[in-house]
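Each remark here refers to the structure printed beneath this line.
Atom set for the values below is all heavy atoms of this structure, side chains included, hydrogens, waters and symmetry mates excluded. Atoms within a ligand are numbered from 1 in the order they appear, just like the ligands themselves.
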Amino acid sequence: MSYQEAKTRYEAAGISAEDALAKLASVPVALHCWQGDDVRGFDTDPSKPLTGGIQTTGNYPGRARTPQELMADLDIALSLCPGKKKINLHASYAVFEDGDWADRDRLEPRHFKAWVDFCRARGLGADFNPTFFSHPKCDPLTLSSPNEETRRFWIDHGKACIRISQYLAEELGQTCVMNIWTGDGLKDIPADRLGPRVRYRESIDEILSEPFDFDKVKPCVESKVFGIGVEAYTVGSAEFALSYAAAHPGKCIPLMDNGHYHPTEVVSDKIPALLAFFPEIALHITRPIRWDSDHVVLFDDETREICKEIVRCGGLDGRVKIALDYFDASVNRIAAWVLGYRNAQKALLYALLTPNDAFKAMQDEGDFTSLLVMQDEQKTLPFGEVWAEYCRRCGVPEDGAWLPVVRQYERAVLEKRA
Ligand code: RNT
Ligand code: ZN
């Protein structure tokens, strides 16, 4: 079947494939830099383990060890991903010129100039994240620490990151989503659950007292249910993060990571709940297996359901800021990047190729029989042809043609990284 035939089939179902293709190409989706080096960054000793309840497992050869290697790997990945891409950076990916190392509380915009140059040359926007983990100043708490010196260090880090985010937004002429996530929590039953949360709230207040332009910088707070080593208590829980954002309109938006909830909860259902109150929300799309395992995003039921909600709630017009967040060190890291990004694009396209208005009308008219049948039969429309056309128009390989490119790069470059 050709794209033209597929298009006709969709038209018969009341769907414009052309509109879907045009819309998807205009929506920014952020690719996270940290899949390329197992979340290590460049500012601390790479032999130290990750902290903050996150883990990268696997030792597939070829991890990027320097900014140059990470950028080269990103270039390959980006060349295989369709759509409007942004890069999502962490503060730990600062690029220091000789002798210009700065600790996290002293980071300056100039430490991200190399990333600005990288993004500008490729027409990319950038999102940003302060890095409140994998650092000697985690005691192990950060923004919620009872130790004032620790807390002050991390507040100063957050403020530095606001300035860097403003710089990235201005230099690149695109909104910068700045996400606050800490792994702060306790392994066992706390004696005080309120104190750390009050300190966390006060710390975020201080960070957001740093001047910024909310049209350009979108600070968010990401919640989490638990992490390895912090099983009993997470300071930045769902209620904490949502309440913080709700209490600070025009300053802060909520961020949901779909790996950060109890396994029977689904973020797809939470998206419209939040959009009933918040003008803007942010997402980290990942794939949890039993816990926040950060597996590569697949074209699976929940990814499709999340994208369906983004599309039919009007999220593509800026209300939902979309980013990916996973890290798998057990497979070729570039393949992991590309597969996850393409799957997020696929799921968005799939959602755009749904007769959402017609389905909504069936629900409102109480015609649940038609809704049940048609929602399910829609699954076998010739989606693959429209996806292939999207890849062609974006100038990237179709399914089946990109992995050989990654393999070639693996042989030529990655395998030489001993
Ligand atoms: C961790 C959070 C957080 C991190 C990144 C590296 O559980 O999901 O978003 O993955 O900041
Ligand atoms: Zn996340």
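- Phe240 and Tyr200 have parallel rings, their planes meeting at less than 30° on a 0 to 90° scale where 60° marks the start of perpendicular.
- In this structure, Pro254 and Phe278 have side chains that are in contact, with non-hydrogen atoms separated by less than 4.5 Å.
- Proximity of His260 to ligand 1, defined as any heavy-atom pair under 4.0 Å, is confined to the side chain (atoms from C-beta onward).
- Residue, atom and distance of the protein heavy atom nearest to atom 9 (O) of ligand 1 are Glu222 OE1, 2.7 Å.
- The proximity of Asp292 to ligand 1, defined as any non-hydrogen pair under 4.0 Å, is limited to the side chain.
- By the 6.0 Å and 45° rule, Lys346 does not stack over the aromatic ring of Tyr350.
- Using a 4.0 Å cut-off to heavy atoms of His284, the atoms of ligand 1 that qualify are 9 (O).
- When each of Phe327, Phe133, Trp181 is checked for a ring-ring contact (aromatic ring centres under 6.0 Å, His included) with His90, only Phe133 meets the rule.
- Side chain of Asp73 to main chain of Gly36: no donor-acceptor pair is present (N/O by atom type, distance under 3.5 Å, no hydrogens or angles).
- Between Asp301 and Arg304 there is a salt bridge, since a side-chain N of the basic residue sits under 4.0 Å from a carboxylate O of the acidic one.
- Under the 4.0 Å criterion applied to side-chain N and carboxylate O atoms, Lys270 and Glu265 are assigned as salt-bridge partners.
- One distance of note links CZ of Phe359 with CZ of Arg312; it measures 9.5 Å at 0.5 Å rounding.
- Ligand 1 has Phe327 within reach: a non-hydrogen atom of the residue lies less than 4.0 Å from it.
- Nearest non-hydrogen protein atom to atom 5 (C) of ligand 1 is His90 NE2, 3.5 Å.
- Going from atom CG of Asp117 over to atom CZ of Arg120 covers 6.5 Å, rounded to the nearest 0.5 Å.
- Ligand 1 has an N or O atom lying under 3.5 Å from an N or O atom of Lys224, backbone or side chain.
- Around the Zn ion (ligand 2), the protein atoms of type N, O or S that sit closer than 2.8 Å are Glu222 OE2, Asp257 OD2, His284 ND1, Asp325 OD2.
- Note: an N/O pair closer than 3.5 Å links Asp325 and ligand 1 by distance alone.
- Interface atoms of ligand 1 facing Asp257, defined by a heavy-atom separation under 4.0 Å, are 8 (O).
- For ligand 1, the atoms sitting less than 4.0 Å from at least one non-hydrogen atom of Ile54 are 1 (C), 7 (O), numbered in the order shown with element in parentheses.
- The aromatic rings of Trp387 and Tyr390 sit tilted relative to each other, their planes meeting at an angle between 30° and 60°.
- Using a 4.5 Å heavy-atom cutoff, the side chains of Arg333 and Asp37 are not in contact.
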